Amino acid sequence: MSQQHILTAVAWPYANGPRHIGHVSGFGVPSDIFSRYQRMAGNKVLMVSGTDEHGTPIQVQADKEGLTARELADRYNRVIAEDLTALGLSYDLFTRTTTLNHYAVAQEIFLGLYKNGYIFPKTTMGAISPSTARTLPDRYIEGTCPICGYDGARGDQCDNCGNQLDPIDLINPVSRINGETPIFVETEHFMLDLPAFAEVLATYLQGKQGDWRPNVLKFALNLLGDIQPRAISRDLDWGVPIPLDGWRDRGDKRLYVWFDAVIGYLSASIEWARRSGDPEAWRNWWQNPDARGYYFMGKDNIVFHAEIWPAMLLGYNGQGAKNGTAGSLGRLDLPSEVVSSEFLTMEGRKFSSSRQVVIYVRDFLERYDADSLRYYIAVAGPETQDTDFTWSEYLNRNNGELVAAWGNLVNRSISMAAKNFGRVPEARDLTDADRALLDRSRAAFPAVGAELGRSRFKNAVTEAFEVVRDANRYLAEQEPWKIKDDPERQGSILHVALQVVDDAKTLLTPFLPQSSNKVYTMLGGEGVWSGMPEIQEVDEEGGSSYPIITGDYRDNARWEHRPIKAGIPLAPPVRLFTKLDPKIVDEELARLGDA
RNA sequence: GGGGCGGUAGCUCAGCCGGUCAGAGCAGCGGACUCAUAAUCCGCCGGUCGUGGGUUCAAGUCCCACCCGCCCUACCA
């Protein structure tokens with residue numbers, strides 16, 4: 001097998017509240033399916049992420065709840081980490097942006113860019129709140145539109161006439177946070193010189209032709225058309241300090257949250273290496289021409305991952321128009337692939353926490369199984385276009401596909417064999433039909449694997465399920481229950497069926513790790529088949545502690561057919577999935593807001 | 001305002017470079033079977049592929065316009 005180093009960089013969930021199933025359908029589940037497959041295929045995967053905890057929205061939410069930003073971040077960091085663990089997402093490290101390590105790495109990247117001349121200061125006009133002295137971002141200001149007279153216009157745009165606005169032009173501008181009138185003052189910020197990377201970014205992106213999903217590539221290339229310098233600092237006290245003399249100790253200037261958040265991929269890799277006992281190990285994924293970096297996110301993040309983050313890396317490496325030299329970490333690799341998902345909607349509407357058009361991961365998992373949600377997202381999620389989540393569709397998928405097709409295949413095969421033989425029977429004198437099914441299931445490994453390798457999860461899971469359907473058809477045709485007078489033939493049929501169940505279990509492991517582990521055990525497997533993540537409490541330098549997600553994924557799962565052994569004892573099967581009562585559809589719909 | 005994505009059977013969705021591309025699953029209808037969480041298997045029904053033009057021997061599949069849904073973005077002045 002290939003033994004390639006693969007970095008799975010998963011978008012960082014924002015810690016201003018719990019995450020809903022739309023969020024995890026965009027970054028969480030796809031990235032985990034991908035990582036589990038890559039590990040099974042023999043590659044060395046490093047899957048990292050964490051909570052994104054800086055920025056104005058966190059501060060605003062904290063003010064609303066009467067907490068400090070840090071307290072709010074602590075709360076939701078823990079909630080999110082627990083939810084992602086419950087979903088079975090196999091992070092090597094899920095950390096957070098408020099660690100000392102992250103601050104240090106983010107500042108190092110800033111300094112590298114600064115020294116190479118890709119960051120410059122600039123004075124602009126900004127709105128601040130007189131009572132708190134905090135800056136108000138444009139979208140937190142509203143007033144009357146100077147163009148159409150609409151009185152609910154936001155500082156950045158009028159929702160009524162669609163025109164772009166400058167908050168300073170609004171008539172009667174007020175803060176959306178507390179209603180007071182903002183004042184406009186000069187403020188100095190640092191800008192990232194994105195135009196200096198236009199050329200090299202174009203070359204980089206052109207090289208991805210045929211590799212990335214076309215919509216992502218087209219979008220990214222298009223951005224280069226009018227690329228502009230972008231502010232990477234904010235007037236805020238909650239964030240990473242700016243590591244320059246005269247700025248470092250200022251309480252009112254911080255790095256822009258997006259600037260520090262994308263650096264998390266690197267800082268988390270470094271933190272993982274330190275915790276693994278080999279502090280230099282991260283370099284295998286970041287400074288290795290044979291390594292590949294896959295970034296998973298929702299479509300709203302493409303600009304940050306396909307343009308800004310590559311530009312930051314290029315600048316740090318000294319590879320932009322102004323050249324320069326690599327910083328102290330050394331030259332860093334750019335993303336190999338940016339895998340963007342579209343958006344999930346909820347019963348035909350946008351997810352909206354305030355309108356209660358939402359189902360949080362936690363609430364979902366209190367009532368339903370993680371594998372069941374993972375399956376829905378894999379087979380019906382927003383992979384290449386927006387898709388709609390409906391409870392009735394979820395019920396149908398769960399009951400019709402997981403329970404009736406796959407769960408039932410496992411159940412009928414094992415219980416028949418357990419009842420009649422008490423063990424895996426011998427296979428003798430295989431017929432053409434037997435061989436056809438066995439060949440077919442074995443051939444699914446390269447086919448399904450190819451789809452997984454290019455992040456086509458919907459195709460992959462559909463193809464894996466074809467094996468399940470073929471196996472059910474095989475049993476219907478062979479009718480092993482009718483030939484009790486010929487135990488040899490009956491045993492052969494059941495042996496074939498169990499072999500294909502075992503193959504299908506392997507093929508479905510990236511999607512359904514928990515239930516696949518059950519099948520593994522039922523068929524006599526020992527040890528851990530597919531490793532599951534766990535929360536660990538770790539200490540920060542200086543005393544405080546925080547939860548991380550990590551896990552031991554050196555498990556037995558391999559992406560290959562394995563012959564099952566005749567004679568292995570079989571017990572009556574346990575049920576893999578829970579059949580849902582149709583009435584849950586109305587119950588869940590009743591929980592949604594009307595709006 | 002600019003850019004992007006999508007609009008395919010009742011439902012959820014596949015359809016890459018134009019020519020078995022008109023598909024899958026579910027639902028519905030009719031059969032078979034009983035090992036299995038009344039699960040499974042077979043068959044049938046079902047779409048002028050958002051609208052209107054155009055290119056082509058040939059267009060969901062390319063071009064133009066329009067309608068609808070969604071996403072991103074707006075420096076400086």
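Quick caveat, the model's predicted, so the values are computed rather than measured.
Here A/Ile119 contributes atom CD1 and A/Leu113 contributes atom CG; the two are 4.5 Å apart, rounded to the nearest 0.5 Å.
At whole-Å resolution of the value, CZ in A/Phe304 and C1' in B/C72 are 10 Å apart. Atom CH2 in A/Trp406 sits roughly 18 Å away from atom P in B/A36 (whole-Å rounding). Here B/G6 presents its P atom at 16 Å from CZ of A/Phe343, a figure rounded to the nearest Å. Rounding to whole angstrom units, CZ of residue A/Arg473 and P of B/U34 are separated by 19 Å. When the C1' atom of B/A38 is taken as reference, atom CG of A/Asp581 falls 15 Å away, rounded to whole Å. In this structure, the CG atom of A/Leu395 is 14 Å from the C1' atom of B/U37, given to the nearest Å. One interatomic measurement links the two molecules: CD of A/Glu451 to C1' of B/C16, which rounds to 12 Å at whole-angstrom precision. Put simply, CG on A/Asn301 is 16 Å from C1' on B/C70, counting in whole angstrom units.
Of the candidate nucleotides B/U37, B/A14, B/C35, B/U37 has the atom lying nearest to any side-chain atom of A/Val403. Of all nucleotides listed (B/C72, B/U37, B/C35), B/C35 comes nearest to the side chain of A/Ser415. Counting only heavy atoms from C-beta on, A/Lys458 has its side chain closest to B/C13 among B/C13, B/C72, B/U40.
Under the 6.0 Å cut-off for aromatic ring centres, A/Phe197 and A/Tyr204 do not qualify, their centroids lying 6.0 Å or more apart. If you look at A/Phe389 and A/His20, their ring centroids are not closer than 6.0 Å. Aromatic rings from A/Tyr368 and A/Tyr394 are positioned such that their centres are separated by under 6.0 Å.
Judged by distance alone with a 3.5 Å cut-off, no donor-acceptor contact links the side chain of A/Asn411 to the base of B/A36.
Without hydrogens or angle criteria, A/Arg489 side chain to A/Pro487 main chain gives no donor-acceptor distance under 3.5 Å. Of the possible polar contacts, one joining the A/Tyr118 side chain to the A/Gly320 backbone as a donor-acceptor pair under 3.5 Å is found. Side-chain N or O atoms of A/Asp371 include one that pairs as donor or acceptor with a backbone N or O of A/Gln514 at under 3.5 Å. Between the side chain of A/Asp260 and the backbone N or O of A/Gly239 there is no donor-acceptor pair closer than 3.5 Å.
Between A/Arg456 and B/G15 there is a side-chain polar atom (N or O) within less than 4.0 angstrom of OP1 or OP2. Here A/Lys419 reaches the OP1 or OP2 of B/A36: one of its side-chain N or O atoms lies under 4.0 Å away.
For A/Val379 and A/Glu342, each mapped to the nucleotide of RNA chain B holding its nearest heavy atom, the one lying further toward the 5' end belongs to A/Glu342. Nearer to the 5' terminus of RNA chain B, by closest-nucleotide assignment, is the contact made by A/Ser392 (compared with the other of A/Met191 and A/Ser392).
Separation of the P atoms belonging to B/G6 and B/C17 is 11 Å when rounded to the nearest angstrom. Only the P atoms considered, B/G53 is 25 Å distant from B/C16, to the nearest whole Å. Going from the C1' atom of B/A27 to that of B/G69 covers 25 Å, rounded to whole Å. B/C57 and B/G50 have their C1' atoms separated by 28 Å, with the value rounded to a whole Å. Across the P atoms, B/C68 and B/U51 are found 15 Å apart, a figure rounded to whole Å. Annotation: B/G10 and B/G47 have their C1' atoms spaced 11 Å apart (nearest Å). The separation of B/G31 from B/C49, taken at their C1' atoms, amounts to 32 Å, rounded to a whole angstrom. B/A9 and B/A14: their C1' atoms are spaced 13 Å apart (whole Å).
The aromatic rings of A/Phe34 and A/Phe457 sit perpendicular, their planes meeting at an angle over 60°, well past the 30° parallel limit. The aromatic rings of A/Phe364 and A/Trp391 sit parallel to each other, their planes meeting at less than 30°, with 60° as the upper class boundary.
For A/Arg456 and A/Glu383, the salt-bridge test passes: some basic side-chain N is under 4.0 Å from an acidic carboxylate O. With respect to A/Asp586 and A/Lys583, no salt bridge is recorded, no charged nitrogen being found less than 4.0 Å from a carboxylate O.
Among the protein residues, A/Ile302 comes within range of no part of the nucleic acid, since none of its heavy atoms lies under 4.0 Å from any strand. When heavy atoms are screened at a 4.0 angstrom cut-off, A/Phe577 is found touching base atoms of the nucleic acid. Nucleic acid contact for A/Arg575: base, since at least one base atom lies under 4.0 Å from a heavy atom of the residue. Within the nucleic acid shown, A/Asn399 has no heavy atom closer than 4.0 Å to any nucleic acid atom. Heavy atoms of A/Thr390 sit nowhere under 4.0 angstrom from any nucleic acid atom.
Consecutive Watson-Crick or G-U pairs involving RNA chain B, each under 3.5 Å on both distances, make up stems of three or more pairs at B:1-7 with B:67-73, B:10-13 with B:23-26, B:28-32 with B:40-44, B:50-54 with B:62-66.
Within the cation-pi definition used here (under 6.0 Å to the ring centroid, within 45° of the axis), A/Arg374 does not qualify as a partner of A/Phe511.
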Do any N or O atoms of the protein come closer than 3.5 Å to N or O atoms of nucleotides 21-26 of chain B, and which pairs are they?
| residue | atom | partner | partner atom | Å |
| --- | --- | --- | --- | --- |
| B/G25 | O2' | A/Glu401 | OE2 | 2.9 |

Check against side-chain hydrogen bond (donor to acceptor under 3.5 Å, both in side chains), A/Thr431 and A/Asp434
CA-CA 5 Å; A/Thr431 65; A/Asp434 300 340; 3.2 Å; yes
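The glycosidic torsion of B/G60 lies within 90° of 0, which places this base in the syn conformation.
A heavy-atom distance below 4.0 Å to RNA chain B is reached by these residues of residues 480-489 of chain A, ordered by number: A/Trp481, A/Lys482.
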